[in-house]
Amino acid sequence: LALGNGLVFHIKLHNAVHQELPPPSPKRIPRPGVISIAEDDDGTTDLEWEEFSGPLCVVLERRGGCDGRVAVEYLTHGTNDDDPDFSPLVGIAEWEDGDEEE
């Protein structure tokens, strides 16, 4: 450190316990991923279901990361709530840390 009057000071900085600090470690950005409907055999996420064709199965997937626990609420409804062949569903699909498919 030099002052305008010609005096020069040498300053040595150290931490309180006189140890070198480790280099900072790079921080990893968490990637929780994206939840979506899985692609079917034709490579799309379009769901088609015809009456009397049996139950409809919807597969959800977690893509692009699997860090942390995530949950998605879902609700199904039909066009005719009085239809005895339709049972509405309400629930939560959950993925634990590291899980990728539900």
Side-chain angles (χ1 to χ4, degrees):
L1 176 65
L3 299 176
N5 60 4
L7 295 176
V8 176
F9 294 91
H10 295 276
I11 300 173
K12 183 177 179 184
L13 301 175
H14 56 85
N15 63 5
V17 293
H18 306 289
Q19 294 179 353
E20 288 187 29
L21 295 174
S25 59
K27 292 194 177 200
R28 186 175 165 277
I29 298 172
R31 295 180 42 203
V34 176
I35 307 302
S36 62
I37 297 173
E39 292 181 359
D40 59 13
D41 294 338
D42 65 1
T44 69
T45 58
D46 296 338
L47 298 175
E48 293 182 21
W49 181 83
E50 294 182 24
E51 190 173 7
F52 308 115
S53 64
L56 173 65
C57 178
V58 178
V59 177
L60 299 177
E61 64 185 357
R62 181 180 188 180
R63 289 182 155 193
C66 59
D67 294 335
R69 182 178 177 277
V70 296
V72 175
E73 292 182 58
Y74 60 85
L75 164 71
T76 63
H77 60 85
T79 56
N80 181 358
D81 292 336
D82 296 329
D83 186 350
D85 295 329
F86 178 78
S87 300
L89 293 174
V90 176
I92 298 175
E94 299 176 278
W95 289 260
E96 294 299 325
D97 185 34
D99 288 347
E100 292 185 282
E101 193 166 309
E102 174 72 6

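Keep in mind the model is a prediction, meaning the values are calculated, not measured.
In plain terms, the two heavy atoms of P32 and V70 that are nearest each other are CB-CG1, 4.2 Å. In this structure, D97 and G68 approach most closely via the heavy-atom pair OD1-N, 2.6 Å. Between L60 and A93 the shortest heavy-atom distance is CD1-CB, 3.9 Å. Taking every heavy atom of both residues into account, D67 and R62 meet most closely at O-NH2, 3.0 Å. Here the shortest heavy-atom pairing between E61 and I37 reads OE2-O, 4.4 Å.
Under the 3.5 Å distance criterion, the side-chain polar atoms of R63 are left unmatched by any main-chain donor or acceptor of S36.
No side-chain heavy atom of Y74 sits less than 4.5 Å from a side-chain heavy atom of V58.
A 6.0 Å sphere centred on CG of L75 holds more than 12 heavy atoms belonging to other residues, nucleotides or ligands.
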